[in-house]
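Following: one structure in structure tokens, then a few remarks.
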Amino acid sequence: MNDMNRAAVVNPALKQDLLTGFAVIGALFAALATAQIAGAPYLTSLIGRIAITSIAALSLSFLIGQAGLVSFGHAAPIGIGAYVALMLAAGGTTDLSIQLSAAFILAALIALITGPIALKTRGVTFIMLTLAFAQMFFYVASSLVSWGGDDGMALAQRSTLFGYQILRTDAMLAAFSIALLAVILLANTWMAHTRFGLVLKAMTENERRVAANGFEVNHFLLYAFVIAAGVAAVSGVLLANQANYVSPAYLNWHRSGELIVIVVLGGVGRLPGAVLASALVILFEEFLGHYTEYWKLGLGLTIVAIVLLRGRDLGAFFGVRNQGARP
Amino acid sequence: MSDPVLELEHLQMHFGALHVTRDVSIEVRPGEVHALIGPNGAGKTTLISQISGQLQPHSGSVILAGENITQLSVAERARRGLSRVFQISNVIQSYSALANVVLAIIGTEDGVWWRWRPALSDTSLADRAMNALAQVGLADKAQSIASDLSYGERRALELAITLAQNPRLLLLDEPMAGVGREESGALTKLLASLKGRVSMLLIEHDMNAVFALADRLTVLIGGAVALTGPPAEIKASPLVRQAYLGEEIQAATGGAA
Ligand SMILES: Nc1ncnc2c1ncn2[C@@H]1O[C@H](COP(=O)(O)OP(=O)(O)OP(=O)(O)O)[C@@H](O)[C@H]1O
Ligand SMILES: [Mg+2]
């Protein structure tokens with residue numbers, strides 16, 4: 001094999017994806033620093049929310065874009081993560097290393113049970129099944145009377161890390177969330193370029209070919225479903241800390257829908273795009289939400305306008321390229 | 001004589017009222033090119049699908065190198081060395097030719113941890129893939145996106161995909177269909193060069209290709225095996241000539257048969 005062929009094989013897309021990811025993370029940190037210097041606590045907490053929502057959106061974007069699975073129940077693992085934080089904190093276990101792992105593992109285990117059932121189907125039926133499972137967990141959460149039932153409950157105390165109160169202020173929480181987002185963004189980008197990513201992406205286009213190549217399609221889809229649930233649960237732990245409160249509202253189907261909107265807005269499969277779209281949706285909610293109950297109408301109109309004007313989506317708008325082991 | 005690579009034992013299958021596979025028993029011997037011929041709708045593709053696992057027979061068994069694989073999934077059969085070229089071209093359209101072959105190679109890898117290693121930047125994978133592409137004459141198209149390839153090139157790509165998997169048995173469902181005269185000649189040559197190294201079950205309507213390649217033929221009519229034997233025997237059979245071959249054989253043999 002000569003060197004020319006070799007050189008052509010190395011994937012330049014990976015470098016590009018990493019650079020874009022770093023740029024997005026850098027921008028978030030810069031915004032946080034600016035908010036701190038300007039003494040704008042409100043802005044600080046907003047940035048924290050953007051980072052946390054981005055983690056959830058990222059995991060769904062991976063699921064939809066890389067695995068071709070549109071889950072309408074992604075609020076469930078987020079809510080599960082939040083309840084894990086609530087319950088552990090109440091029992092005095094505040095360490096993030098335990099809370100985050102417990103949330104990840106519990107949500108992943110639950111996905112390991114619901115996943116194979118939902119994966120017997122595809123398309124609209126899959127969407128409805130994931131919604132149904134999420135609604136089930138919504139009602140379970142509502143019925144946890146000792147944990148506040150419908151109303152939910154305040155978090156006993158914010159999480160710590162190895163004894164340090166690392167989430168004590170909103171700025172620290174935001175910084176920690178952005179750092180975690182960076183790790184997940186990197187892992188996700190890298191995964192898209194592994195053998196696993198190559199197989200997953202191929203499945204979204206042609207399951208028959210991939211099966212004939214010797215891959216058990218549903219196993220791969222289940223891995224993706226389980227990983228996405230685990231990562232969503234991580235964002236749930238942060239969300240509980242951010243709001244200092246946990247309620248069944250986190251598992252509401254509105255939340256699942258909003259995440260799908262974010263993913264579509266950011267460009268399906270475009271990981272940094274999901275971060276940009278999270279920022280946009282949260283800013284909309286904040287600023288339009290102050291003027292009108294109908295801020296979602298404004299959001300909807302903006303999405304329509306963007307799609308019509310650009311013929312594409314927000315990720316493309318900002319020049320974020322499609323992710324995946326794209327040769 | 002060594003054991004057959006593939007044995008089909010009394011396969012039966014129905015699509016509703018349509019009895020599409022009727023008590024089919026065939027064997028493919030190691031290194032042999034076994035051609036499966038028969039008129040349109042005879043049930044050839046359906047039979048191949050039962051071998052590769054997309055369809056389940058209602059009774060009977062499929063035995064690969066002595067192992068009963070009737071209950072295994074498509075993927076499990078593929079990992080045991082069954083590789084299929086589909087009648088309707090079937091590649092990952094948005095991937096480059098190279099990535100399509102790389103995907104096939106990693107399908108043969110064992111274990112779990114390999115999955116977390118890089119794919120397209122792995123030069124040893126790429127080397128193997130380039131080898132397979134070179135075998136089918138597609139080396140200079142390695143970076144082309146599959147949807148940009150000509151139909152004939154896509155058929156060749158599919159062959160590269162299957163070759164890269166070092167199959168025990170190649171299932172070829174009309175590899176020449178829709179391919180130009182020149183490319184079809186090249187494809188026949190390529191298959192001939194593989195003869196002896198890879199066992200093949202070949203469905204093909206192009207009788208020139210069939211008689212150039214096949215060691216033995218099975219004629220399928222109305223879902224049942226009408227006859228199995230070496231080419232000379234098939235050509236000579238009045239039953240087959242009447243039912244199916246006729247002019248095509250005369251064309252293939254210059255009217256001498
Ligand atoms: N999924 C299906 N459902 C119902 N009938 C089917 C199905 N697939 C194939 N058939 C029917 O089964 C019969 C055999 O089809 P098959 O595709 O195996 O034929 P073939 O020998 O490959 O023909 P050709 O030479 O045209 O490719 C045909 O009558 C076809 O209409
Ligand atoms: Mg056919």
Side-chain angles (χ1 to χ4, degrees), chain A residues 1-18 65-68 186-224 226-227 269 322-327, chain B residues 52-54 73-86 88-100 102-109 114-131 133-134 139 142-146 158 161-162 164-165 171:
Chain A
M1 190 62 32
N2 62 42
D3 281 348
M4 206 191 72
N5 280 330
R6 270 230 165 99
V9 160
V10 174
N11 192 356
L14 176 60
K15 212 161 133 193
Q16 174 70 45
D17 289 345
L18 288 175
Q66 293 287 124
L186 278 180
N188 223 334
T189 303
W190 173 72
M191 176 147 72
H193 293 274
T194 60
R195 286 155 154 86
F196 180 70
L198 189 76
V199 176
L200 265 191
K201 186 85 187 146
M203 277 175 194
T204 64
E205 185 187 310
N206 188 341
E207 287 191 8
R208 211 155 85 110
R209 171 78 264 166
V210 174
N213 280 0
F215 301 104
E216 219 59 79
V217 170
N218 267 10
H219 292 184
F220 275 77
L221 295 181
L222 184 60
Y223 300 145
V226 166
I227 292 170
N322 201 351
Q323 200 130 42
R326 221 18 129 67
Chain B
S52 56
Q54 281 88 6
S73 72
V74 172
E76 284 167 323
R77 294 180 199 214
R79 286 201 299 275
R80 279 165 174 73
L82 266 182
S83 211
R84 172 175 183 182
V85 172
F86 290 85
I88 296 157
S89 182
N90 193 16
V91 298
I92 307 295
Q93 300 275 4
S94 68
Y95 278 15
S96 69
L98 186 76
N100 265 287
V102 165
L103 185 69
I105 296 174
I106 60 186
T108 64
E109 292 178 315
W114 60 262
R115 291 187 183 130
W116 308 106
R117 297 210 310 271
L120 295 177
S121 41
D122 183 330
T123 44
S124 79
L125 268 185
D127 286 353
R128 284 174 63 192
M130 285 301 298
N131 253 330
L133 285 170
Q143 301 297 333
S144 304
I145 302 301
E158 276 200 66
I161 288 172
T162 53
Q165 296 189 305
L171 303 170

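Below, chain A is the first sequence line, B the second, and so on; all start at residue 1. Values below: every heavy atom of this structure, side chains too, minus hydrogens, waters and symmetry copies. This structure is a prediction, so every number in the text was calculated from the model and none was measured.
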- Side chain / backbone / both / neither for A:Glu205 at chain B, heavy atoms under 4.5 Å: side chain
- Item | A:Tyr223 and A:Leu200, any side-chain heavy atoms less than 4.5 Å apart | no
- Message: I need the minimum non-hydrogen distance between A:Ala67 and A:Ala224, along with the two atoms involved.
- Response: CB-CB, 3.8 Å
- Task: Return the option, out of B:Ile105, B:Asn90, B:Asn100, with the maximum number of heavy-atom pairs under 4.5 Å with chain A.
- Result: B:Asn90
- For A:Gly214, does its backbone N or O pair with a side-chain atom of B:Arg79 as donor and acceptor, under 3.5 Å? yes
- Message: Under 4.5 Å from any heavy atom of chain A, what part of B:Leu125 do you find: side chain, backbone, both or neither?
- Response: side chain
- Task: Enter the distance from A:Leu198:CG to B:Tyr95:OH here, rounded to the nearest 0.5 Å.
- Result: 4.0 Å
- Message: Taking side chain as everything from C-beta outward and backbone as N, CA, C, O, which of these in B:Glu158 sits under 4.5 Å from a heavy atom of chain A? Side chain, backbone, both or neither.
- Response: side chain
- Task: Under the ring-ring contact (aromatic ring centres under 6.0 Å, His included) rule, collect the residues that match up with A:Phe196, sequence neighbours excluded.
- Result: A:Phe220, B:Trp116
- Task: Would you mind checking which part of A:Val210 comes under 4.5 Å of any heavy atom in chain B, side chain (CB onward), backbone (N, CA, C, O), both or neither?
- Result: side chain
